[in-house]
Amino acid sequence: MHIRDGILAPEVCLVAGAISLGAITYSLRRLRFDLEDRAVPLTGMMAAIVFAGQMVNFPLFGLPVSGHLLGGVLAAVMLGPWAGCLAISMVLIVQAVLFSDGGLMSLGANILNMAVVGAWGGYAVYATIRRMLGNGAAATVSAAVIAAWLSVLGAAALFCAEFLCSSRSAGVDPRGVLSLMVLYHSLIGVGEALITGAVLSFVLARRADLVPTPNAPGSVGTIGRFAVTGLMAALAVAAIVAPFKSESPDGLDAAAQNLKFDKLEVERPPLVLDDYAIPVPEPVWWPALPVSLAGIVGTLVVFIAAVVLAGITRRNVVPIRVADGSHGN
Amino acid sequence: MAHSDQPAMELRRLSFRYPNGRLALEEITCAVPQGDRVAIVGPSGAGKSTLLMHLNGLLPSPSLSKDEEAQVVIEGQAVTRSRLQQIRRQVGFLFQDPDDQLFCPTVQEDVAFGPLNLGLNRAEVLVRVERGLAAVGMADCLTRNPSELSTGERKRVCLAGILACDPSILVLDEPTSNLDPRARRQLLHILREFAGTLIVATHDLDFVIDLCSRVLVLESGKVQADGPTERVLSDPLIMDRHGLEVPWRLRR
Amino acid sequence: MAHSDQPAMELRRLSFRYPNGRLALEEITCAVPQGDRVAIVGPSGAGKSTLLMHLNGLLPSPSLSKDEEAQVVIEGQAVTRSRLQQIRRQVGFLFQDPDDQLFCPTVQEDVAFGPLNLGLNRAEVLVRVERGLAAVGMADCLTRNPSELSTGERKRVCLAGILACDPSILVLDEPTSNLDPRARRQLLHILREFAGTLIVATHDLDFVIDLCSRVLVLESGKVQADGPTERVLSDPLIMDRHGLEVPWRLRR
Amino acid sequence: MGTSGIGSDAGSQSICHALPAGMKLLLTLGIILVAGLIPLEHWPAQGLLLALVFVGLSVAGVTMRYLVRRLALFLPLLLVFGLSVPMARSNDAAWSWTLSLWLRCTVSFMAGLWLVHVLPFRDLLTTLRYWHFPPALIAMLGFMYRYTFILWDELRRLRNARAARDFGGGPWWRVWSINSQVIGLLLLRAMERAERTHRAMLARGWDGSIRFLDGKD
Ligand SMILES: Nc1ncnc2c1ncn2[C@@H]1O[C@H](COP(=O)(O)OP(=O)(O)OP(=O)(O)O)[C@@H](O)[C@H]1O
Ligand SMILES: Nc1ncnc2c1ncn2[C@@H]1O[C@H](COP(=O)(O)OP(=O)(O)OP(=O)(O)O)[C@@H](O)[C@H]1O
Ligand SMILES: [Mg+2]
Ligand SMILES: [Mg+2]
């Protein structure tokens, strides 16, 4: 998922960088913690954990891609959206500067796609769903699972947008790019959702006090939350439905042909997605149905995972009383 | 700064409950005069570590934010959130588990951590690091990674880290565990030379006899006995009741 | 299974070098007969923990993969990769640092971990857990989280976890550190009752006198002395040279 | 790529290492920016840049083996991409476009590698502080650095602890469920350890700012 330099146009990087900078500044402002606060080391540790987690790539059912944890939702659920966003940003900064994993110039875009969409967007979805389902452990896990999956799709969609803005050719069919990305990322998202859900149910069962309730001060306003949730959900639906729509006379095949042979070649590379996904051209050739099926299967798996993991958690949770000592340090 | 007529450490009805509901300390009241060497003994789970951590404001006690009802007073100053920095400079704290204390990638950096935070300049810090490590016999381990040391070696590095801060009050939690007899003797020697106030929680009663003049017996978060070392430790009644044993040297 | 004429544990020119290049053990050769109780003493960093971990195949020694040149032999069987699981059933290993050993979310699960992996049924496992925890006096902590216990309590839970596996050889690394005197006495009692072979690394020489019949002195990865407890421990020359001290009880 | 990359090059020294850390960062960023801004048609300029970066890498003492190993992770992908265009329509324009793409991405990547090689973590922190980055962010970065080692340490312990008592027994689902718990366990233990370590730092007078013994300030 890490975009390398040379793929996005400098002006796109600039805009994305500016937005990310704003997001980080805003996060820092919202947190307003003492440096001595416990939140600082916990954020650092979360960053270290996500960093380690991202080194492990999971294979994707025979597809020529593998995904890795993004961690945005996990971090946001455990630390809140602001610290969560910071944690993931830090991971990306370190990866770019000290491991040359993801470009320096595309750092802003990477932060936008993974930290901001992951933590803020993911958290908005999570908080909204949790609002609806209640405060139980089961609700927490299912909300996080769904949010994790959507956050991956969101990141992918945003990448598409950035990429399309970068390739100056007007004629690229966004639906072609989108359907390819959806195929990959609805599946990568399943991995993300499973890991997030499993880890969270574990933590909830052992130390529920480490997972704050979304109503704590510092969460997003209700309206904003619903807006973002709606947006992300619409995105998922659009992504899944997109290939169907493109079966108009010129069709997906035509779009794909255009995409591959006519439009992109003179301008920008086609999808040099990242270092993990090897976007072989075939999927674009596939008829619409399998592409959408992948999206639908992904959705189904995520919902089933949400229910199952939530069920496991419900059985395990030991209520933890909170008494005098718990006033945050 | 500190007047010598003020106790170095004073506890006023100190209570503490862990977030999981366990009451670890219950209304502890006591005072330690400047320069005294006091041992805190008691069975596992008595609350010794919990008590010591309060001297440094390391546990989130509600009293930290209330200036008037201070439960812990160090050299005349209530331990409150705003004074924590100041107080932590005065009080050197050795954790029971060395792994909790060591977090830098090299021994040198770890020992230097405290002095650097005191705002000393680089040369001074290096001198202190060297002195601290030499005192515990680990001068040749400067560049090693603490997680690749043996447990006893790690314990010694922790000690060096505390000594390098030059505190006026030393609070040691189980300093002799995992130390070999020679290192233990060296430690005894260092602590005897130390001019400030000393508060030690330990199960090593021989060490207490050699070092401390006063013993506090703690059990279930309450002070059960308090008195001169020899008298408390040679009293079979007290010792037996609180999971201890009269040491060989005091048996008649 | 094991013939009583075979030594319980045999080391054949055992050497070990840590990945960072430090030679921790150098050509150690010795044998411990069945049912013996042997203490390993020596200064910090002598290599005691490293040696003990070899008995359980916990360190990545090259000899683990070579069947013929086995350097560690347990009850007549060379410790090789393919036999590790078998051998770990026979050998119960207590880590020096309880945090290295405890990893389950509750005390009960942690103590049950070994027995469950032995393939026992649930009822039997529960009986063993209860027995193990009762033996160390922690029967009322079943549902607590090990990371919320005091250090001494954690140490005791570790012991319960080992005892619950009912091994034929007990390998204990510094079992008395952080234990209070009463728990230490209980441990002494448990170990005296234990019928199998016992190998203990410790700095607590009094404990050695009370428990073991034979002492190995280790320093810089080599065996420096080996003999009956009283003789080795009361020899001021040996003791002084290797960072130890003649215990009070043996002084004349 | 393990944590070994972080701060591993403390020993090596070269002119590149001696540059001020801020300069290293700006230089790298500049090169990447230029590589990105040069139009695709002007591939000779890209080639020049590549040569420059290559010289930088060799001055910094990067071994050929290391370079090849890192490039091997990155190049195949680029090859596939670049080749898809000339294969579809082979004319000179397509080829020069491909070449240019290759060069651009390789320049950026190698510039990144150079930075990785010459910039120790603590220098990054001190530079960021010098540039008046928010102290909270720097503190978090510092924690992340420290905790990465602690995390590894915890993982090692967790594995050892299990090995000593898992006897390979139990039905397959038990083994499987134990394995799946590891990530959660690691996270919990790491968080708890983070809290304790934080306490230890506070006890030794830490006030929120990261100080290094040999950092430049
Ligand atoms: N983090 C924690 N959360 C909840 N309870 C705790 C925690 N730490 C300790 N306790 C409990 O508080 C009590 C006092 O613990 P403490 O660590 O102070 O004992 P201690 O006297 O230091 O024992 P030891 O000699 O074994 O070190 C114990 O009953 C322990 O189980
Ligand atoms: N993980 C490791 N990597 C490298 N060297 C190590 C590691 N662990 C221990 N050592 C070194 O190996 C030597 C032996 O260590 P070991 O832990 O066996 O000592 P020990 O006798 O158990 O000491 P203690 O009494 O302090 O527990 C020491 O010099 C130590 O510094
Ligand atoms: Mg304690
Ligand atoms: Mg040891």
Side-chain angles (χ1 to χ4, degrees), chain B residues 18-22 24 41-50 95-100 136-138 141 144-145 148-156 173-174 176-186 201-206 209 219 239-249 251, chain C residues 18-22 24 41-50 95-100 136-138 141 144-145 148-156 173-174 176-186 201-206 209 219 239-249 251:
Chain B
Y18 274 105
N20 67 357
R22 177 161 290 252
V41 300
S44 318
K48 301 184 293 297
S49 303
T50 311
F95 283 77
Q96 185 165 9
D97 185 348
D99 287 325
D100 289 347
V136 299
M138 295 281 295
C141 293
R144 293 188 61 188
N145 178 343
E148 292 180 349
L149 295 175
S150 84
T151 317
E153 287 166 340
R154 262 179 281 166
K155 192 94 195 183
R156 276 145 65 179
D173 197 351
E174 201 73 55
T176 57
S177 76
N178 292 306
L179 281 193
D180 61 60
R182 179 168 24 187
R184 182 173 166 282
R185 201 166 3 151
Q186 279 173 356
T202 185
H203 294 304
D204 184 345
L205 301 182
D206 275 325
I209 298 175
E219 178 156 15
M239 294 286 102
D240 263 19
R241 198 177 314 140
H242 303 299
L244 302 166
E245 242 178 7
V246 178
W248 267 93
R249 286 156 60 185
R251 284 189 201 169
Chain C
Y18 274 106
N20 68 355
R22 176 160 290 255
V41 301
S44 315
K48 302 184 292 299
S49 304
T50 312
F95 285 84
Q96 185 165 10
D97 183 347
D99 287 328
D100 284 346
V136 298
M138 295 282 295
C141 292
R144 293 189 63 188
N145 178 344
E148 292 179 351
L149 295 175
S150 85
T151 317
E153 288 167 339
R154 260 179 285 163
K155 193 93 194 182
R156 276 146 66 179
D173 196 351
E174 204 73 57
T176 57
S177 77
N178 293 306
L179 281 194
D180 62 58
R182 178 168 23 185
R184 182 172 164 283
R185 201 166 3 152
Q186 278 172 356
T202 185
H203 296 303
D204 185 345
L205 301 181
D206 275 327
I209 298 175
E219 178 155 17
M239 294 287 101
D240 263 19
R241 198 176 315 140
H242 304 299
L244 302 166
E245 244 179 5
V246 178
W248 268 93
R249 284 157 60 185
R251 283 189 202 169

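Computed from a predicted structure; not experimentally measured. In what follows, chains carry the letters A, B, and so on, assigned in the order in which the sequence lines appear, proteins first and then strands, with residues in each chain numbered from 1.
For the set B:Leu179, B:Leu149, B:Thr50, the count of heavy-atom pairs under 4.5 angstrom toward chain C peaks at B:Leu179. The candidate with the highest count of non-hydrogen atom pairs below 4.5 Å against chain C, out of B:Asp173, B:Thr202, B:Leu244, is B:Leu244. Listed options C:Glu174, C:Lys48, C:Arg185 were ranked by heavy-atom pairs under 4.5 angstrom with chain B; first place goes to C:Arg185.
In this structure, B:Asn145 CG and C:Asn20 CG are separated by 8.5 Å, a value rounded to the nearest 0.5 Å. Expressed to the nearest 0.5 Å, how far OG1 of B:Thr151 lies from CG of C:Asp100 amounts to 7.5 Å. Atom-to-atom distance recorded for B:Arg22:CZ and C:Arg144:CZ is 3.5 Å, nearest 0.5 angstrom. Summarising the geometry, atom NE2 belonging to B:His203 is positioned 12.5 Å from atom CG belonging to C:Asp204; distances are rounded to the nearest 0.5 Å. For the atom pair CG of C:Asp97 and CG of B:Asn178, the computed distance is 8.0 Å after rounding to the nearest 0.5 Å. Going from atom CD of B:Glu245 over to atom CG of C:Asp180 covers 9.5 Å, rounded to the nearest 0.5 Å.
Using a 4.5 Å cut-off between heavy atoms, B:Glu148 contacts chain C through its side chain alone, with no backbone atom that close. Both the backbone and the side chain of B:Ser44 come within less than 4.5 Å of a heavy atom of chain C.
Minimum heavy-atom separation, B:Gly45 to C:Ser150: N-OG, 3.3 Å. Here the closest heavy-atom approach between residue B:His242 and residue C:Arg182 is recorded as C-NH2, 3.7 Å.
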